[in-house]
Amino acid sequence: MQKSPTVLVAPKNLPEPSNLMLDHAWFKRPTAVVAADLIGCYLCRRMEDGEIVRAMITETEAYLGIGDAGCHAFEGRHTPRTSVMYKEAGTIYVYLIYGLHYLLNIVTTEIGQPEAVLIRAVHIENEPIRTGAGPAKLTKYLHVDKRLNNHLLGETVGLWVENKVQDSVPVSVAKRVGIDYAGDAAHWLLRFYWTGHGSVSK
DNA sequence: CTGTAGATCTTCT
DNA sequence: GAAGATCTACAGG
């Protein structure tokens with residue numbers, strides 16, 4: 001009997017953002033703390049037709065800037081793609097990987113400190129458990145692409161995060177995925193996921 | 001069920 | 001020219 005964790009209080013699919021919306025200061029904390037804290041929170045997207053989709057975050061990864069060989073901004077690398085990582089906490093960083101997949105990150109910490117959290121998996125109510133099980137799958141479902149890059153989270157751009165409604169969420173830590181080239185940093189425990197949840201990436 | 005090819009943009013060698 | 005913070009389809013055992 002493999003039942004996925006039950007949401008104690010159902011997410012309100014209200015037509016408007018709720019007062020649980022996280023402000024930018026919430027993301028201006030140590031990146032690993034933000035990444036762990038995001039598990040159980042809701043990634044909210046206003047779709048083209050005006051409907052708001054609330055997707056519960058079940059997996060994240062922290063990328064720790066200039067000292068992290070797995071981070072795009074390693075050793076202060078500053079390119080057209082990575083410049084957004086140096087901006088203010090709460091800024092959306094979307095980039096194209098392998099020429100066809102968009103991945104969603106949220107910038108953290110201070111301006112000038114290129115750190116971010118990658119959203120790796122979400123669970124969308126009333127959808128198959130694997131619908132948002134992967135960083136590229138969730139962006140496809142939520143229509144997240146380059147248009148959002150460089151904008152602050154909020155109702156204006158149609159993408160924001162609302163706080164979790166559960167009191168305690170079981171969180172596990174593990175090594176990050178897909179950065180075997182990063183040497184030592186490949187072993188850092190910067191991946192966070194809802195323990196045993198069926199929507200966590202493979 | 002495991003393995004791998006292919007898609008094809010951005011960055012670095 | 002090569003490889004990447006990935007996913008899907010399909011071949012083979």
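In this text the structure is predicted, and so the values were computed from the model without any measurement. Every chain is numbered from 1, with letters handed out A, B, ... down the list of sequences.
Partner Ile52(A) forms a side chain to side chain contact (heavy atoms under 4.5 Å, CB included) with one of Pro15(A), Ser18(A), Pro17(A) and no other, that one being Pro17(A).
Across the strands present, dA2(C) finds its partner in dT11(B); the criterion is a Watson-Crick or G-U wobble pair with both atom distances under 3.5 angstrom. Summarising the base pairing, dT2(B) is matched to dA11(C) through a Watson-Crick or G-U wobble pair whose two defining distances lie under 3.5 Å.
Remark: P of dT8(B) and CD1 of Ile97(A) are 15 Å apart, rounded to the nearest angstrom. In this entry the distance linking CZ of Phe74(A) with P of dG4(C) reads 15 Å, nearest Å. Atoms CG (Asp180(A)) and P (dG4(C)) sit 9 Å apart, rounded to a whole Å. Protein atom NE2 of His101(A) is 10 Å distant from nucleotide atom C1' of dG6(B), rounded to whole Å. Remark: P of dA5(C) and CD of Glu59(A) are 15 Å apart, rounded to the nearest angstrom. To the nearest angstrom, C1' of dA2(C) lies 13 Å from OH of Tyr98(A). Summarising the geometry, the separation between CG on Leu96(A) and C1' on dC7(C) is reported as 13 Å, rounded to the nearest angstrom. If you measure from atom NZ of Lys146(A) to atom C1' of dT10(B), you get 9 Å, rounded to the nearest angstrom.
Of the listed nucleotides (dA5(C), dT11(B), dT6(C)), dA5(C) has the atom at the smallest distance from the side chain of Tyr93(A). Nearest to the side chain of Thr79(A), among dA5(C), dT11(B), dT6(C), sits dT11(B).
In this structure, His72(A) reaches the dA5(C) phosphate: one of its side-chain N or O atoms is under 4.0 Å from OP1 or OP2.
Stacking of the aromatic ring of Tyr181(A) onto the base of dA3(C) is not found under the criterion of centres within 5.5 Å and planes under 30°.
Using a 4.0 Å heavy-atom cutoff across all strands shown, Arg81(A) reaches sugar-phosphate atoms only and no base atom. As judged by a 4.0 angstrom heavy-atom cut-off over every strand, Leu100(A) is placed among the base-contacting residues. Gly178(A) comes within 4.0 angstrom of the backbone, heavy atoms only, and of no base. Residue Lys137(A) is classed as a sugar-phosphate contact, given heavy-atom separations below 4.0 Å to backbone atoms only.
The two atoms that bring Cys71(A) and Pro114(A) nearest to each other are SG-O, 3.8 Å, heavy atoms only. Contact detail for Ala133(A) and Ala121(A): the closest heavy-atom pair is CA-CB, 4.2 Å. Here the closest heavy-atom approach between residue Ile39(A) and residue Phe192(A) is recorded as CD1-O, 3.5 Å. Closest approach of Asp37(A) to Lys164(A), counting heavy atoms only: O-NZ, 2.6 Å.
Taking atom C1' in both dT2(B) and dA5(C), the straight-line distance is 24 Å, to the nearest Å. If you take atom C1' in dT8(C) and the same atom in dT10(B), they sit 22 Å apart, rounded to whole Å.
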